Chemist: 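A single structure is presented below for examination.
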Amino acid sequence: MVVCLLLPVSAKAQTVEVKDAWIRGTVPAQKATGAFMDITSKAAVRLVALGSPVAGRVELHNMKMESGVMKMFPVDGIAIAAGKTVKLAPGGYHVMLIDLNRQLKQGDRVPLKLTFELADKSRQTIDISAEVRDIKGEPRHKH
């Protein structure tokens, strides 16, 4: 799924595009999962906040190796350089949905709100819908 939104910036318009948004499915009683997507912008922006009605908290996270151990930690934003694509993916930058209020099953669609900070420090929010995939992250097979 591709979502495009024009965000006003002074007299110009900038486009933020979100592609391939998906969320890892959960098992009953699981309270957290990850969301992943590709974000491209024609002008430099910064992803600074997220929200979803299925989670009590939604946070931006990153992962890195430290002394041979993979560690996950929250970040306060993710810069999207002009004309570049930032891939939010397992093992790197990603979104954490925490305090889930229900199980997320393969085939569900989950709304997400993404808030971007623009060059002039104003903020714009877009709404997307992410596909829930199975626990392994595999897309649903259609026959």
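Computed from a predicted structure; not experimentally measured.
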Chemist: Tell me the closest heavy-atom pair linking Ala35 and Ile23, and the distance in Å.
Modeler: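 Smallest interatomic distance, heavy atoms only, reads CB-CG1, 3.7 Å.
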Chemist: Rounded at 0.5 Å granularity, tell me how far CE in Met70 sits from CE in Met63.
Modeler: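 Output value for this atom pair is 5.0 Å.
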Chemist: Quick one: are Asp76 and Glu59 in side-chain contact, heavy atoms under 4.5 Å?
Modeler: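 Side chain of Asp76 against side chain of Glu59, heavy atoms only: no contact under 4.5 Å found.
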Chemist: A side-chain contact here means heavy atoms from C-beta on lying under 4.5 Å apart; do Met72 and Met96 qualify?
Modeler: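 Of all side-chain heavy-atom pairs linking Met96 with Met72, at least one is under 4.5 Å.
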Chemist: Is any side-chain heavy atom of Phe36 closer than 4.5 Å to one of Val95?
Modeler: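 A side-chain contact is absent here, since even the closest heavy-atom pair is not under 4.5 Å.
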Chemist: Answer whether the closest heavy-atom distance between the side chains of Ser129 and Leu112 falls below 4.5 Å.
Modeler: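 The answer is no, as the side chains (C-beta and beyond) never meet within the 4.5 Å cut-off.
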Chemist: Minimum heavy-atom separation for Arg102 to Asp108, with atom names?
Modeler: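 Result for this residue pair: NH1-OD2, 3.3 Å.
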Chemist: Return the CD1 to CG distance between Ile39 and Leu114, rounded to the nearest 0.5 Å.
Modeler: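 Going from CD1 on Ile39 over to CG on Leu114, the span is 5.5 Å.
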Chemist: Is there a continuous path of hydrophobic side-chain contacts, each under 4.5 Å between heavy atoms, that joins Ile98 to Trp22?
Modeler: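 The answer is no; the residues belong to distinct hydrophobic clusters.
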Chemist: Is a side-chain donor or acceptor of Asp38 paired with a backbone partner of Thr85 at a separation under 3.5 angstrom?
Modeler: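 Such a contact is absent between Asp38 side chain and Thr85 backbone.
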Chemist: Determine whether a donor-acceptor pair (N or O, by modelled atom type, separation under 3.5 Å) exists between the side chain of Asp99 and the backbone of Ala55.
Modeler: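 No: the side chain of Asp99 does not pair with the backbone of Ala55.
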Chemist: Locate the shortest heavy-atom distance separating Val16 from Ser41; write the atom from each residue and the value.
Modeler: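 Minimum heavy-atom separation between Val16 and Ser41: CG2-OG, 3.8 Å.
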Chemist: Just verifying a value: how many Å separate Ile80 CD1 and Lys42 NZ, rounded to the nearest 0.5 Å?
Modeler: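 The NZ atom of Lys42 is 16.0 Å from CD1 of Ile80, to the nearest 0.5 Å.
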Chemist: Going from OG on Ser52 to CG on Leu104, what distance comes out if it is rounded to the nearest 0.5 angstrom?
Modeler: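 Here the interatomic distance stands at 8.0 Å.
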Chemist: Taking atom CE of Met37 and atom NE2 of His94, what is their separation to the nearest 0.5 Å?
Modeler: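 It is 11.0 Å, given to the nearest 0.5 Å.
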Chemist: Ser122 versus Glu117: any side-chain heavy-atom pair under 4.5 Å?
Modeler: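 No - every pair of side-chain heavy atoms lies 4.5 Å or more apart.
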Chemist: Distance alone, cut at 3.5 Å: any donor-acceptor contact between the side chains of Thr26 and Thr33?
Modeler: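 On atom types as modelled, these side chains do not qualify, holding no pair under 3.5 Å.
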Chemist: Arg123 versus Val48: any side-chain heavy-atom pair under 4.5 Å?
Modeler: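 Yes, their side chains come closer than 4.5 Å.
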Chemist: Quick check for you: to the nearest 0.5 Å, what is the distance between Ile135 atom CD1 and Gln30 atom CD?
Modeler: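 It comes to 6.5 Å.
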Chemist: List the atom of Ile128, the atom of Ala21, and the distance in Å for their closest heavy-atom pair.
Modeler: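 Closest heavy-atom pair between Ile128 and Ala21: CD1-CB, 3.8 Å.
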Chemist: For the residue pair Pro111 and Arg109, what are the closest heavy atoms and their distance?
Modeler: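 Looking at all heavy atoms of both residues, the closest pair is CD-O, 4.1 Å.
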Chemist: Tell me, do Phe116 and Thr125 make a side-chain contact under 4.5 Å, heavy atoms counted?
Modeler: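 Answer no - side chains too far apart.
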Chemist: So is Lys64 actually on top of Phe73's ring, under 6.0 Å and inside 45° of the axis?
Modeler: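 Geometry flag: set, cation within 6.0 Å and 45°.
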Chemist: How about NZ on Lys31, more than 12 heavy atoms from neighbouring residues, nucleotides or ligands closer than 6.0 Å, or not?
Modeler: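 Yes, the 6.0 Å shell around NZ holds more than 12 heavy atoms from other groups.
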